[in-house]
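Below is one structure, written out as structure tokens, with a few remarks after it.
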2 protein chains.
Amino acid sequence: MQKLLLADDHELVRETVADFLRLQGGFNVATAQSFDEAISVAQAQGPFELVMLDYSMPGMDALAGLAKMRAQTGCPVAILSGTATPDVARRALSSGAAGFLPKTLAPQSLVSAVRHMLSGEIYMPLDFFETENEADADINLTPRERDVLLGITEGKSNKEIARDLGIQEVTVKLHVKTLSRKLGARNRTHAAMLGRDLGLM
Amino acid sequence: MQKLLLADDHELVRETVADFLRLQGGFNVATAQSFDEAISVAQAQGPFELVMLDYSMPGMDALAGLAKMRAQTGCPVAILSGTATPDVARRALSSGAAGFLPKTLAPQSLVSAVRHMLSGEIYMPLDFFETENEADADINLTPRERDVLLGITEGKSNKEIARDLGIQEVTVKLHVKTLSRKLGARNRTHAAMLGRDLGLM
DNA sequence: CAGCCCCCTATGCAATCGGATAGTCAGGGC
DNA sequence: GCCCTGACTATCCGATTGCATAGGGGGCTG
């Protein structure tokens, strides 16, 4: 029987979900109520074939906990969250999560998601990509701003970007300022990160 | 019968894969040999339920083509590649790809991957996350450098990072310089991008 | 055609970054 | 004890960025 580990600090959620997985999925589910306990349980009762961690939980420290658990157990680790944004979901996957499980997921979908991850695939509900694109809709950079943003993400200086685009450095500065304002970025570096996260290039 | 569109400029690959999907998967597969032809076919013979685009193909222009095709058809679009790195794969997913298909994939896996994406899920072979982590192994930042890098990715200035960490601004500068060297980054912005791509935080 | 948007340029200045150099201090390994 | 590394501090200086202000020219649209 496949062994799962579910860590969440909300007891109601944790135990009902665990029971559901036991009954509907036929899994052997262990639980933990904090990140540290999850680490202990993983060592004491392991090996597990899949670990699910709540994103906001004592000791979890965001995605650092994900990396720690992956290093510890070597098995797929999924992130569970009730509030997380598409941005967090994408970062979780980039950080090596086996999947992202919003708590709004239909129970039956959870079982198939778990099976899915057990077979070595990445699970990501489509909703998150949809909503992401809607959210982006109100941000529209001009073609030139996009060019400049691309240069920034490649680590180029204003001078280099200007040369590559055949325009003056001052003009690049102008675009940097305007696109940063549109993105709500504090500076060029922040703009680069937001630009990539939002998939603007 | 589910309609797929496969675009690849290598005829041998394109037609053999298409035939395989027809025979083994029972799909209706249309093909195109360039990005522009893919757009035309998508309009003329659509709607399709899944589009697969070769990553390097005339007119494709990397991930811009992905976005264009998604906007055009509104259906899931997967990226196909023989050479792409984990980095490109992750960017493709961040840009809204329905999946990433390396050409080293076992044929039977391809069929299941396609079914998978047709059901609205994201497909990503586990290999890519594995190799990614191995590749990262030779880059090891000190804990402090990691702290500083995190601050940079959040768009903070050296002064802010120093205040948050309780150290002097000059020290932050030192860390910025050394971590940039370790990452092979040209400046802080580049370091932030590389750091996120490599999942170092 | 007038208004608007995008693109481009220019000048000037303050803040920040990037790099070099030169140290102190604590801890681990030989 | 010696060597090495990580972390931290200091000063100096040039390069770059960020911001404000003030324009010109082209294209699209009501």
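Just so it is clear, the model here is predicted, and its values are computed rather than measured. Residue numbering restarts at 1 for every chain, and letters A, B, ... go by the order of the sequence lines.
Counting to the nearest Å, the P atom of D:dC8 and the CG atom of B:L165 are 8 Å from each other. A:L179 places its CG atom 13 Å from the P atom of C:dC6, with the value rounded to the nearest Å. When rounded to the nearest whole Å, the span between CD of B:Q168 and P of C:dT24 equals 18 Å. Straight-line distance from the CD atom of A:E160 to the C1' atom of C:dG18: 14 Å, rounded to whole Å. Here the P atom of nucleotide C:dC8 and the CD atom of A:E145 are 10 Å apart, to the nearest Å. In this structure, B:K182 atom NZ and D:dT5 atom P are separated by 11 Å, rounded to whole Å.
Going from atom CG of B:L194 over to atom OG1 of B:T153 covers 12.5 Å, rounded to the nearest 0.5 Å.
Residue A:H175 is the one, among A:H175 and A:V170, whose nearest nucleotide of DNA chain C lies closer to the 5' end (criterion: closest heavy atom).
In the set D:dC8, C:dT9, D:dG6, the nucleotide with an atom closest to the side chain of B:T142 is D:dG6.
In this structure, A:T171 reaches the C:dT9 phosphate: one of its side-chain N or O atoms is under 4.0 Å from OP1 or OP2.
The side-chain heavy atoms of B:K177 and B:S180, taken from C-beta on, include no pair separated by under 4.5 Å. Residues B:V176 and B:N158 have side chains in contact (heavy-atom distance under 4.5 Å, counting atoms from C-beta outward).
Salt-bridge check for B:E145 with B:R181: failed, with every basic side-chain N at 4.0 Å or more from each acidic carboxylate O.
For the pair B:I161 and B:G151, the tightest heavy-atom approach, listed with the atom from each and the gap, is CD1-C, 3.9 Å.
Between B:H116 and A:H116, the ring planes lie parallel to each other; the angle is under 30°, not in the 30° to 60° tilted range.
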Exercise for the section: List the protein contact pattern of nucleotides 17-30 of chain D with one symbol per nucleotide (5' to 3'): B for base contact, S for sugar-phosphate-only contact, - for none; contact means a heavy-atom distance under 4.0 Å. Expected result: BBB-B---------
